[in-house]
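The analysis underlying the following values was restricted to heavy atoms, covering all of them including side chains, and did not include hydrogens, waters or symmetry mates. A quick note: this is a predicted structure, and the numbers were derived from the prediction, not measured. Whatever order the structure lists ligands and atoms in, that order sets their numbers, starting from 1.
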Amino acid sequence: METKVITIDHNAMDLEVLQEAGKIIQNGGLVAFPTETVYGLGGDALNQESSKKIYAAKGRPSDNPLIVHICKMEDLAPIVQEIPEAVFRLAEAFWPGPLTIILKKSDMVPKETTGGLDTVAVRMPSHPVAQKFIEYAGGYVAAPSANVSGRPSPTKAKYVIEDMSGRIDMILDGDGIDIGLESTIVDMTGETPMILRPGYITKDMLEKVLGEVSMDKTILDINCKEPPKAPGMRYRHYAPKGQLTIVEGEEKTTIEKINELTKEAKSRGEKVGIIATEETKDKYLGDLIKSVGKRSDEDSIARTLYTILREFDDEEVSVIYSESFTECAMGQAIMNRLLKAAGHQIIYV
Ligand code: AMP
Ligand code: MG
């Protein structure tokens, strides 16, 4: 299959292009599109054949449900059984934006889209290209991240092209991927709302709107034996090709440890990459040191993390050492992705 790649300026959108992309979805095809979190791989959420195609293009296990993207609030009611009052408050506060809400699904949504579950994950993205595209696609676009299953989610079109070329009909290349980590997922089907995947919208932000919110305990507890509640969180994920290890401790001892590990790895003939920060990047000894952002600006860290993992792949790095990010407000989201990328390898110093 030939994949059409079209650049689209989100400040001056070519509506004809978006209409063409929407038509592809309505005809059962697949289109990758930019959102404010990461690139999505879209198909018609109400067409079971489209969902099957998404799983095939990603090489994703079919029990890992997709997120249904909508562009207006009126479109929520038809795909769910009921909308609890708290969900209206959530939508008012955070939609359009990087929050995915789990609700009980209606019969309109095929089980192929929800990985066999009776619940459906719904999000309304704020990216202008995503919004118009969803509208032209008929209102319901099922979209996981547009990467081959297991690889870091794409925050740049070139990585979508790398993973999806020849597998899907069209790639919309647009910038404006400001957040760089996937949406927060909150399950609203139980008594207490529960975060299944941390993201830009933090527990504190949700609690201001909802009152008490719990967190799936498997998210950060690396010793927890229970399976995570979001099926997708069970798989190794976000993984670079090199072997990633996180080092956690005081700044000074972390740097010393990473320098020591780097020396050892280099003497074994490994190509070593280091994930540092603006504050520490000059204190390392390796030759491939990348700053993921400023600790004083944690949004910058979220935005850059996946790009760095992909760049280390491009540079064929075999071993990666990273600092830890537990102390930031968005640290839970960042550490959750890093821990998965590292297959939970962490050294405490
Ligand atoms: P991705 O779109 O690649 O970020 O993956 C979607 C994520 O949403 C995966 O982790 C899924 O397991 C999760 N998800 C989607 N639908 C549901 C659902 N109904 N219940 C729980 N988690 C879900
Ligand atoms: Mg994904």
Side-chain angles (χ1 to χ4, degrees), residues 30 32-43 45 50-51 54-55 57-70 76 79-81 87 98-106 108-125 127 130 134 140-155 159-160 163-164 177 179-190 193-201 214-216 218-219 226-240 302 305-306 309-310 333 336-337 339-341:
L30 303 184
F33 62 102
T35 81
E36 69 278 20
T37 58
V38 299
Y39 274 87
L41 170 55
S50 298
S51 293
I54 292 177
Y55 292 114
K58 275 183 72 91
R60 177 172 176 132
S62 59
D63 63 350
N64 185 0
L66 310 174
I67 293 174
V68 178
H69 292 71
I70 60 175
L76 179 60
I79 56 169
V80 300
Q81 283 186 15
V87 170
L99 179 71
T100 295
I101 303 175
I102 310 279
L103 291 165
K104 293 207 178 86
K105 80 172 194 72
S106 75
M108 217 167 118
V109 187
K111 285 246 171 138
E112 282 75 8
T113 300
T114 63
L117 299 174
D118 294 326
T119 51
V120 61
V122 192
R123 179 163 108 81
M124 190 191 296
H127 196 294
I134 294 164
Y140 299 101
V141 174
S145 49
N147 51 288
V148 164
S149 199
R151 300 210 62 206
S153 300
T155 48
Y159 296 127
V160 182
D163 279 16
M164 289 299 150
I177 288 86
I179 293 175
L181 287 185
E182 304 84 348
S183 57
T184 305
I185 301 180
V186 62
D187 183 350
M188 296 299 289
T189 64
M194 185 188 277
I195 296 172
L196 305 189
R197 176 172 74 184
Y200 181 83
I201 309 288
S214 65
M215 170 90 80
D216 180 359
T218 67
I219 286 174
E226 271 176 46
K229 296 200 167 43
M233 303 301 277
R234 289 172 201 159
Y235 300 100
R236 178 139 190 252
H237 233 115
Y238 321 119
L305 180 64
Y306 288 146
L309 295 178
R310 292 262 184 176
N336 169 257
R337 307 312 195 271
L339 280 166
K340 284 200 164 281

Q: Examine distances only and state if a side-chain atom of Tyr140 and a backbone atom of Val109 form a donor-acceptor pair shorter than 3.5 Å.
A: no
**Q.** Ligand-side contact atoms (ligand 1) for residue partner Ala121, heavy atom cut-off under 4.0 Å
**A.** 15 (C), 16 (N), 17 (C)
Q) Salt bridge between Asp163 and Arg151, side-chain N to carboxylate O under 4.0 Å? A) yes
Q: Would you mind checking which non-hydrogen protein atom is closest to atom 2 (O) of ligand 1, with the distance to 0.1 Å?
A: Pro144 CA, 2.9 Å
Q) Can you tell me if Ser149 has an N, O or S atom under 2.8 Å away from the Mg ion (ligand 2)? A) no
Q. If you measure from NZ on Lys229 to CD1 on Ile102, what distance do you get to the nearest 0.5 Å?
A. 12.5 Å
Q | Contacting atoms of ligand 1, where contact means under 4.0 angstrom from a heavy atom of Ser145 | A | 1 (P), 2 (O), 3 (O)
Q: Answer side chain, backbone, both or neither: which part of Ala143 comes under 4.0 Å from ligand 1, heavy atoms only.
A: backbone
Q: Using a strict 4.0 Å cut-off to heavy atoms of Leu117, name the atoms of ligand 1 that fall inside it.
A: 18 (C), 19 (N), 20 (N)
(Q) Within this structure, what is the CD1-OG1 distance for the pair Ile101 and Thr119, rounded to the nearest 0.5 Å? (A) 13.5 Å
Q: Examine the side chains of Thr100 and Ser183 and answer whether a donor and an acceptor come within less than 3.5 Å of each other.
A: yes
(Q) Taking side chain to side chain contact (heavy atoms under 4.5 Å, CB included) as the criterion, tell me which of Thr35, Ile179, Val38 meets it with Pro98. (A) Ile179
Q. Can you find an N or O of Lys58 that's nearer than 3.5 Å to an N or O of ligand 1?
A. no
Q) To the nearest 0.1 Å, how far is atom 17 (C) of ligand 1 from its closest protein heavy atom, and which atom is that? A) Pro65 CG, 3.4 Å
Q | Gap separating the NZ atom of Lys111 from the OG atom of Ser62, nearest 0.5 angstrom | A | 13.5 Å
Q: Determine whether more than 12 heavy atoms belonging to other residues, nucleotides or ligands lie under 6.0 Å from atom OH of Tyr200.
A: no
(Q) When you compare the side chains of Arg337 and Ser153, does any donor N or O come within less than 3.5 Å of an acceptor on the partner? (A) no
Q) So do Leu76 and Val87 actually touch side chain to side chain, heavy atoms under 4.5 Å? A) yes
**Q.** Asn64 near ligand 1 by a heavy-atom separation under 4.0 Å
**A.** yes
Q: Report the nearest protein non-hydrogen atom to atom 19 (N) of ligand 1: residue, atom name, distance rounded to 0.1 Å.
A: Thr119 OG1, 2.9 Å
Q. With atoms numbered from 1 as shown, which atoms in ligand 1 lie under 4.0 angstrom from a non-hydrogen atom of Pro231?
A. 12 (O), 21 (C), 22 (N)
Q. So which heavy atom in the protein is nearest atom 18 (C) of ligand 1, and how far is it from that ligand atom?
A. Ile102 CD1, 3.4 Å
Q | Identity and separation of the nearest protein heavy atom to atom 13 (C) of ligand 1 | A | Ile185 CD1, 3.7 Å
Q. For atom 12 (O) of ligand 1, what's the nearest protein heavy atom and its distance?
A. Gly232 N, 2.6 Å
Q) So which protein heavy atom does atom 6 (C) of ligand 1 come closest to, and at what separation? A) Arg60 NH2, 3.6 Å
Q. Hey, does Gly40 sit under 4.0 Å from ligand 1 if you only count heavy atoms?
A. no
Q | Side-chain H-bond candidate by donor/acceptor type, Glu182 with Ser145, under 3.5 Å | A | no
Q. Side chain or backbone of Leu196 under 4.0 Å from ligand 1, or both, or neither, by non-hydrogen atoms?
A. side chain
Q. Got the closest protein heavy atom to atom 4 (O) of ligand 1, with its distance?
A. Arg197 NH1, 2.6 Å
